[in-house]
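Scroll down for the structure; my scribbles are underneath it.
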Amino acid sequence: MDGFRQNEGVVVLGATNRRDDLDKALLRPGRFDVEVQVPVPDLNGRKEILELYLGKVKVADDVDVNVLARGTTGFTGADLENLVNQAALRAAIDEADAVSMNYLENSRDKVLMGPERKSRIPDEEANQITAFHEGGHALVAFYTKDAHPLHKVTIIPRGPSLGHTAYIPEKEHYHVTKAQMLATMDTLLGGRAAEEIIFGPEKITSGASSDLKQATSMAINMVKEWGMSEKVGVRTFEGEHNSLVVVNDLAPSTSESIDTEIKRLLAESYERAKTILRTHSREHRLLAEALLKYETLDAEDIKAIISGKSCPRAKTH
């Protein structure tokens, strides 16, 4: 790096997770010449990181690192360290002899979905809305071909939300297909669609705010960034976010086409979600009733309920 000539043999290293915010002068030749991208760890990477941190605590015989590594797709090294630390802390509080698989899976859920409150809120009307909302997400995901596999659904408040539906990809994804994006949008809109179908258009709630934001962002990217709209075409549209004055160099008809296509993607996705919920209204009701009774359902419970079998969770209650 320029300015270090008087100290020969000095190597300057820097790390950031906000490369876009760096001053361009730092990236010029003679400054930080070599860039090393550090992606999120893959399956083998997660396995090795988990083995490293699990080696520092006493683990039970039932702990399977392979299962844990497969179920933590997208986790960073820091997430995995946090997962093991939280599990060990919980085991210590419970005065357990060792950290079992159950502690590690509960810790993973905490990283995935946020901290769990002790119990559901006392307002049963709100709990009923939440149960049908989360049941809507779960049902649409179950019946949508390219959706991520379900992991858990709960009406116990986690983080800022009153309920949560979590998914775990069954394999590593190195790219995302258009079909997978549409499936994700359908699943996101399943909660709001469920509220409208069960309680009516006037009774929809603000609970879908985060879902709508994610679905809208995905639709915008599909049209403007990834060329996935036939009407708009295979081109990208970049906005100058750093400029004080935003200059729109698009023809009015092009801007209108982009807006129309984003709206169309969301509207069609919402209709697909509603169609699934209407077609499987009986299963939707059973899921909501099971959530109100057991509060949390895992993938096995959901599959059993939708298949018309008794909920495995009933045996533990």
Side-chain angles (χ1 to χ4, degrees), residues 68 71-72 74-75 79 82-83 85-91 93-94 96 99-142 147-168 187-195 198-199 203-214 277 283-306 310-317:
L68 265 180
T72 48
F75 278 44
D79 288 333
N82 186 31
L83 185 153
N85 288 344
Q86 292 284 343
L89 184 63
R90 189 72 252 175
I93 291 170
D94 292 346
V99 179
S100 66
M101 193 68 173
N102 187 47
Y103 283 115
L104 289 163
E105 288 183 338
N106 286 337
S107 178
R108 177 189 61 194
D109 290 347
K110 187 175 181 180
V111 176
L112 265 178
M113 302 189 284
E116 184 179 63
R117 296 185 208 170
K118 293 293 183 186
S119 61
R120 67 192 192 190
I121 59 173
D123 186 336
E124 284 309 306
E125 183 185 0
N127 284 323
Q128 188 179 38
I129 293 170
T130 303
F132 277 101
H133 179 107
E134 299 303 334
H137 285 309
L139 198 74
V140 173
F142 188 86
H148 286 316
L150 285 159
H151 169 53
K152 269 186 182 175
V153 57
T154 181
I155 60 168
I156 298 286
R158 275 189 177 270
S161 60
L162 294 180
H164 197 92
T165 304
Y167 317 86
I168 292 183
T187 304
L188 284 167
L189 296 175
R192 164 56 65 85
E195 290 182 19
I198 301 299
F199 304 105
K203 294 283 187 178
I204 56 175
T205 72
S206 59
S209 171
S210 176
D211 303 328
L212 297 176
K213 192 176 291 183
Q214 289 180 65
L277 291 166
E283 291 92 332
H284 186 201
R285 180 177 52 78
L286 289 172
L287 264 182
E289 288 173 355
L291 278 169
L292 287 167
K293 186 173 183 180
Y294 303 116
E295 296 180 338
T296 300
L297 303 173
D298 60 23
E300 187 184 347
D301 299 325
I302 295 164
K303 190 173 181 181
I305 292 165
I306 290 174
S310 60
C311 177
R313 197 165 290 266
K315 297 170 186 174
T316 62
H317 280 66

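Because only heavy atoms are used, hydrogens play no part in the values below, and waters and symmetry mates are left out as well, while side chains stay in.
- The shortest distance between side-chain heavy atoms of L189 and R192 does not fall below 4.5 Å.
- Taking 4.5 Å as the limit, every side-chain heavy atom of T130 sits out of range of all side-chain heavy atoms of L291.
- Considering all non-hydrogen atoms of both residues, H137 and T187 come closest at ND1-O, 2.7 Å.
- Rounded to the nearest 0.5 angstrom, R90 CZ and S100 OG are separated by 12.0 Å.
- For the atom pair I305 CD1 and E300 CD, the distance stands at 11.0 Å (nearest 0.5 Å).
- Taking both residues in full, the closest heavy atoms of A87 and Y103 are given as CB-O, 3.6 Å, listed atom of the first, atom of the second, then distance.
- We find the CG-CG distance between L83 and D109 to be 9.0 Å, quoted to the nearest 0.5 Å.
- Partner L139 forms a side-chain contact (heavy atoms from CB on, under 4.5 Å) with one of I302, L277, L286, V153 and no other, that one being L277.
- Minimum heavy-atom separation, S107 to N82: OG-O, 4.1 Å.
- Taking all atoms of both residues into account, the shortest heavy-atom contact from N106 to K152 is OD1-NZ, 4.3 Å.
- Rounded to the nearest 0.5 angstrom, I155 CD1 and T165 OG1 are separated by 11.0 Å.
- Qualifying salt bridge (charged side-chain N to carboxylate O under 4.0 Å, His left out) partners for D211, counting only residues two or more places apart in sequence or in other chains: none.
- The environment of E124 atom CD is dense: over 12 non-hydrogen atoms of other residues, nucleotides or ligands sit within 6.0 angstrom.
- No side-chain donor-acceptor contact under 3.5 Å links N102 and E105.
- Using a 4.5 Å cut-off on side-chain heavy atoms (C-beta onward), H284 and I198 make contact.
- Side-chain contact between I129 and K203 is absent, with no heavy atoms from C-beta onward closer than 4.5 Å.
- Summarising the geometry, atom CZ belonging to F199 is positioned 11.0 Å from atom NE2 belonging to H133; distances are rounded to the nearest 0.5 Å.
- Heavy atoms only, all atoms of each residue included: R108 and F75 are closest at CG-CZ, 3.9 Å.
- Residue T72 comes nearest to L68 through the heavy atom pair OG1-O, 2.9 Å, listed as atom of the first residue, atom of the second, then distance.
- Between D301 atom CG and I306 atom CD1 the span is 11.0 Å, to the nearest 0.5 Å.
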